[in-house]
Each structure stands twice: as structure tokens, then as C-alpha cells.
Student: 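Here it is, the structure in full.
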Amino acid sequence: MRRFVVLLTVIGGLCVAGGVGPSSPLSAADKARLVAVFSQGCLDESDITTVYHSVLGLKLLGADVPGKEKLCAAAAKLADDSSVENLYAASGTGAALGCP
């Protein structure tokens, strides 16, 4: 019985320890490919929703966002009150980039 309790304790500890550390199922090649796709999405300054999702994707991957100043200006320009979707994407882009 004592062995069973020790075994359960060890297995439980390994399960908890395995779930605590940061891990990613993405390989380095996968991350590089995603960074390239999201960086390309940041170039289309006329579509603020694409920029918004690209910026968030780059931030989640821990990559630098190219052309932050241009993207901040585009977000400010495209933040119109006529579309809730554009307003949300523009404000989210500005917040993610730390735009003034």
C-alpha cells in the first residue's frame, strides 16, 4: 500500500511539473513560417483587421512587429465610427503596439 501511495505521489508530481513549464508544439521552422506570414499581413495598411490579427500573432510568437510607427498611423487613420469592427481592430492594434 505504501508503494502505491508513493507511486501515485510521484506520478502526480510529474504530471503537475510537466504542465507548469512553458512548451510549444511548434518547431523553429513553424515559428519562422508564421512570423513571415504575420509580417506580410502587417504590410497591408488598408485592411486594419488583417493588421490587427497579424500584430497579435507576432506578439504571441514573441517576434518584433515591423514598421510600428506606420502601423500606429494607419490604425489612427482607419479608426472610424461607422464600423464597429474597424474601430475595434484599430484600437486593439494601437493597444498592442503601445501607440500614443
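Here the structure is a predicted model, which is why all the values come from computation and not from measurement. Values reported hereafter were calculated over all heavy atoms of this structure, with side chains retained and with hydrogens, waters and symmetry mates removed. In this chain, numbering begins with 1 at the start of the sequence shown.
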Student: Working note: Leu78 + Asn86, criterion side-chain contact (heavy atoms from CB on, under 4.5 Å); need CA distance, chi angles, decisive distance, verdict.
Tutor: CA-CA 7 Å; Leu78 296 172; Asn86 285 349; 5.8 Å; no
Student: Taking distance alone, no hydrogens or angles, what donor-acceptor pairs closer than 3.5 Å link side-chain atoms of residues 89-100 to residues at least two apart or in another chain?
Tutor:
residue : atom : partner : partner atom : Å
Ser91   : OG   : Leu87   : O            : 3.1
Ser91   : OG   : Tyr88   : O            : 3.0
Thr93   : OG1  : Ala89   : O            : 2.7

Student: Would you mind listing every side-chain hydrogen bond (donor to acceptor under 3.5 Å, both in side chains) that reaches into residues 31-40, with sequence neighbours excluded?
Tutor: Asp30-Arg33
Student: Hey, could you give me the CD/OH distance between Glu85 and Tyr52, rounded to the nearest 0.5 Å?
Tutor: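 Rounded to the nearest 0.5 Å, the CD-OH separation comes to 11.0 Å.
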Student: What residue pairs, at least two apart or across chains, pass disulfide bond (SG atoms under 2.5 Å apart) with a residue in residues 39-70?
Tutor: none
Student: Do Leu26 and Val35 belong together in a cluster built from hydrophobic side chains that touch within less than 4.5 Å?
Tutor: yes
Student: What about Val51 and Leu34, same hydrophobic cluster or not, with Ile/Leu/Val/Met/Phe/Trp/Tyr joined at side-chain heavy-atom distances under 4.5 Å?
Tutor: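 Yes: a chain of side-chain contacts under 4.5 Å links Val51 to Leu34.
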Student: Is Val55 reachable from Ile48 through a run of hydrophobic residues whose side-chain heavy atoms are each under 4.5 Å from the next?
Tutor: yes
Student: Which residues pass the side chain to side chain donor-acceptor pair (under 3.5 Å) test with Asp47, not counting sequence neighbours?
Tutor: Thr49, Thr50
Student: Just distance, no hydrogens or angles: give the donor-acceptor pairs under 3.5 Å from side chains in residues 62-74, sequence neighbours left out.
Tutor:
none

